Participant: 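So that we are looking at the same thing, I have put the structure below in structure tokens.
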Amino acid sequence: MCFIYRRTSKFFRKSIKMSLLYSEVPWGIRFLQKLTDKCCPRLHFNREICYRASVVFLTYIAYMCYHLSRKPISVVKAVLHRNCTQLTPPSPDEPKNWCDWEPFDGSDATASQMLGELDSAFLFCYAIAMFISGFIAERVNLRYFLSIGMLMSGVFSYLFGIAKSYNIHSLSYYIFVQAMAGIFQTTGWPGVVTVMSNWFGKSKRGLIFGLWNSHTSIGNILGSLIAAAYVETDWALSFIMPGLIVGLAGFILFLFLVVSPSDVGCTMTNNERIDRTKRYRQMDDQVANDSSSVEVSDVDDTEILIGEQAIESRLRYSAIQNVEIQRQPTERSHLLPNSSSESSEQAIGFLDACYIPGVVEFSLALFFSKLVSYTFLYWLPLYVNASTTMSATLSADLSTLFDVGGIAGAIIAGILSDKSEMPATTCSVMLVLAAPMMFLYQQFSTVSLGVNMILLIIVGLLVNGPYALITTAVSAELGTHHSLEGNSKALATVTAIIDGTGSIGAAVGPLLAGFVSSYSWRNVFIMLMIADILALFLLIRLVKHEIVRYRNSRRADIRIE
């Protein structure tokens, strides 16, 4: 009887586990699996590559849509408050502010402050909620987390747009909608970065994330173009259309996003195991070199079971975390991660994450870097409109060149970081060049349209390159730092800390620009150049450390030769 009871209970426990694991597979993936098994049973293909491709595509589209729904407010500013004297009124008796939208129909200074308050409502709520969002992301299914965030982001973008249709003129309403949109937008970054890091190892991470991070600029470009298409006819559609797009993308994400390789029975590839082992071995060798003794054993090439039987494979190896090539530890070696899933997957706290080397420095540097980037993001169309004779539509179209330069900047920064393995130095070089280029843009952007376009692309490249590198490859690297001993659940927290700190700067920049621009646009550029220099100053210690490490590695290579 006891034997029968044990066998029965074991069978039911296994059935429950299998059903729970199967429930983590998205509905769309289940449908495609059943469809291919039924219609094309002899069709064989590399499922892991397909899953990786789908993850890259879906996370790319997801964050592109997040940014697409953020951009309209910067375009619509030009029609919420504008110079009505340059337009023909519908009747001679119209007031001076007949073309403005109440409550933004006051003086230039008052309107600028109100529009700055809208930016601040979104960005400050975004910054504060980002820290909370990182902790939540570690403890929930990221597919639900991202899908709900995208759906609600679409809802609040839609609510901003219908304010025109329902003739709403309350500033409190607009601030509330922007604040709630900022809160739900925080689901994006910790979610997509964690999912990408789950599927991709360290090899060429800078290049992969540099290419992938173009979603930010592409989203800004598409958001500007969509908003510009409706801004002068019906600005409500400038918000409603992006809202519908981000909501639809969230539903697609819910159907098809595979959060982790283990959800579908995939395990770490050989290259990724070698990458991770190499990282630990380099640390061990460094410690051993300090003690003038190195002892490395032979490598155990024991194969790890992988196959199409997703659920059984995962059940059998659910207790094994961060599998490494076996090595004989030396007296000074770091201990390998505990095989217990409970210890290796325990979420870390805020202070513990801040103790990871480089987190504080990169977070503060991102504060000032994002301050510069988001000031351009929210105020560039209005600056172009105010400093030239271009219409609101043409100003919005021209401002997209800043994001075109941002795409190139992210890729270049990623490649340089991969080649040199010196991300802080890469960021610093681009920051050094960014300040004088912003000065040149402010001085010579009005010379001609061609000069404006060229300078704007260069400024976008130099401003967005460090910002993109820190928020992607650097965040992923610090989130999997060796001091965490393989704890993959720390990634969302580290990402949220870095991006959350940067988002505070993103909130401060447009707010200050709203006040400063009422006096002079030149003062705005001075503020941006000072912020750029401060970001550079914060990275000096890390740059010195990278240079010392590079020199030591060169000396070691020479001794080996």
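All values below were derived from every heavy atom in this structure, side-chain atoms included, with hydrogens, water molecules and symmetry-related copies excluded. These numbers were taken from a predicted model, which means no experiment stands behind them.
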Participant: Among L58, L257, T59, whose side chain to side chain contact (heavy atoms under 4.5 Å, CB included) with V192 holds?
Facilitator: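 When side chain to side chain contact (heavy atoms under 4.5 Å, CB included) is applied between V192 and each of L58, L257, T59, only T59 qualifies.
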Participant: How close do A229 and T233 get, counting heavy atoms only, and between which atoms?
Facilitator: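 Where A229 meets T233 most closely, the heavy atoms are O-OG1, 4.2 Å.
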Participant: What do you reckon, are the aromatic ring centroids of Y383 and F525 less than 6.0 Å apart?
Facilitator: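 Between F525 and Y383, which both carry aromatic rings, the centre distance is below 6.0 Å.
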Participant: Do K370 and D499 come within less than 4.5 Å of each other through their side chains, counting heavy atoms only?
Facilitator: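 K370 reaches D499 side chain to side chain.
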Participant: Counting only N and O atoms by type, is there a donor-acceptor contact under 3.5 Å from the side chain of S74 to the main-chain atoms of K71?
Facilitator: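 The answer is yes, because a donor-acceptor pair under 3.5 Å joins these two groups.
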Participant: May I ask you to test the S503-Y374 pair for a side-chain heavy-atom distance under 4.5 Å?
Facilitator: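 No. Closest side-chain heavy atoms not under 4.5 Å.
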Participant: Taking all atoms of both residues into account, what is the closest heavy-atom pair of L528 and V372, and its distance?
Facilitator: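 Closest heavy-atom pair between L528 and V372: O-CG2, 3.5 Å.
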Participant: Quick one: sort the W199 and Y51 rings into parallel, tilted or perpendicular, breaks at 30° and 60°.
Facilitator: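 Plane angle between 30° and 60°, so tilted.
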Participant: Looking at D532 and A434, what are the two nearest heavy atoms and their distance?
Facilitator: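 That would be OD1-CB, 3.4 Å.
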Participant: So, are D263 and R143 salt-bridged, with charged N and O less than 4.0 Å apart?
Facilitator: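 A salt bridge is absent here (no side-chain N lies under 4.0 Å from a carboxylate O).
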Participant: If I take atom CD1 from residue I407 and atom CG from residue L461, how far apart are they, to the nearest 0.5 angstrom?
Facilitator: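 That separation rounds to 11.0 Å.
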Participant: Determine whether V246 and L68 make a side-chain contact, defined as any pair of heavy atoms from C-beta on separated by less than 4.5 Å.
Facilitator: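 No, too far: nothing below the 4.5 Å cut-off.
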Participant: I'd like to check M114 versus L80 (side-chain heavy atoms, cut-off strictly below 4.5 Å). Are they in contact?
Facilitator: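 A side-chain contact is absent here, since even the closest heavy-atom pair is not under 4.5 Å.
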Participant: Do I497 and S363 make a side-chain contact, defined as non-hydrogen atoms from C-beta onward lying under 4.5 Å apart?
Facilitator: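 Yes. Closest side-chain heavy atoms under 4.5 Å.
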Participant: Determine whether a donor-acceptor pair (N or O, by modelled atom type, separation under 3.5 Å) exists between the side chain of T186 and the backbone of M130.
Facilitator: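 It does not hold such a pair.
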Participant: Tell me whether Y158 at atom OH has more than 12 heavy atoms from other residues, nucleotides or ligands lying less than 6.0 Å away.
Facilitator: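 No - once you tally the heavy atoms of other residues, nucleotides and ligands closer than 6.0 Å, there are 12 at most.
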Participant: Please report the interatomic distance OG(S399) to CE(M390), rounded to the nearest 0.5 Å.
Facilitator: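 So the gap between those two atoms works out to 10.5 Å.
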Participant: If you measure from CD on Q442 to CD1 on I526, what distance do you get to the nearest 0.5 Å?
Facilitator: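 It is 8.0 Å, given to the nearest 0.5 Å.
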Participant: Take S133 and F145 through the side-chain contact (heavy atoms from CB on, under 4.5 Å) test and state the conclusion after the steps.
Facilitator: CA-CA 10 Å; S133 183; F145 186 68; 3.1 Å; yes
Participant: With rounding to the nearest 0.5 angstrom, report the CG to CZ distance, L431 to F537.
Facilitator: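 So the CG of L431 and the CZ of F537 are separated by 14.0 Å.
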Participant: What heavy-atom pair brings T393 and A228 nearest, and what distance separates the two atoms?
Facilitator: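 Closest heavy-atom pair between T393 and A228: OG1-O, 3.5 Å.
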Participant: How long is the gap from CG on L382 to OG on S387, to the nearest 0.5 Å?
Facilitator: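 Answer rounded to 0.5 Å: 9.5 Å.
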Participant: Could you give all pairs that pass the ring-ring contact (aromatic ring centres under 6.0 Å, His included) test and reach residues 227-246, with sequence neighbours left out?
Facilitator: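 Non-adjacent pairs meeting ring-ring contact (aromatic ring centres under 6.0 Å, His included): W101-W235, F160-F239.
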Participant: Would you check if L380 and L456 make a side-chain contact, meaning some heavy-atom pair closer than 4.5 Å?
Facilitator: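 Yes, at least one pair of side-chain atoms sits under 4.5 Å.
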Participant: Hey, can you tell me if Y66 and Y63 have their rings parallel, tilted or perpendicular (30° and 60° cut-offs)?
Facilitator: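 Y66 and Y63: tilted rings.
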Participant: Starting at CD of Q178, measure out to SG of C125 and round the result to the nearest 0.5 Å.
Facilitator: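 Rounded to the nearest 0.5 Å, the CD-SG separation comes out at 10.0 Å.
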Participant: Nearest heavy-atom pair of A507 and P510: which atoms, and what distance?
Facilitator: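 Heavy atoms of A507 and P510 come nearest at O-CD, 3.8 Å.
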Participant: Is any side-chain heavy atom of V195 closer than 4.5 Å to a side-chain heavy atom of V55?
Facilitator: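 Yes, at least one pair of side-chain atoms sits under 4.5 Å.
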Participant: Would you check if L534 and F367 make a side-chain contact, meaning some heavy-atom pair closer than 4.5 Å?
Facilitator: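 A side-chain contact under 4.5 Å is absent here.
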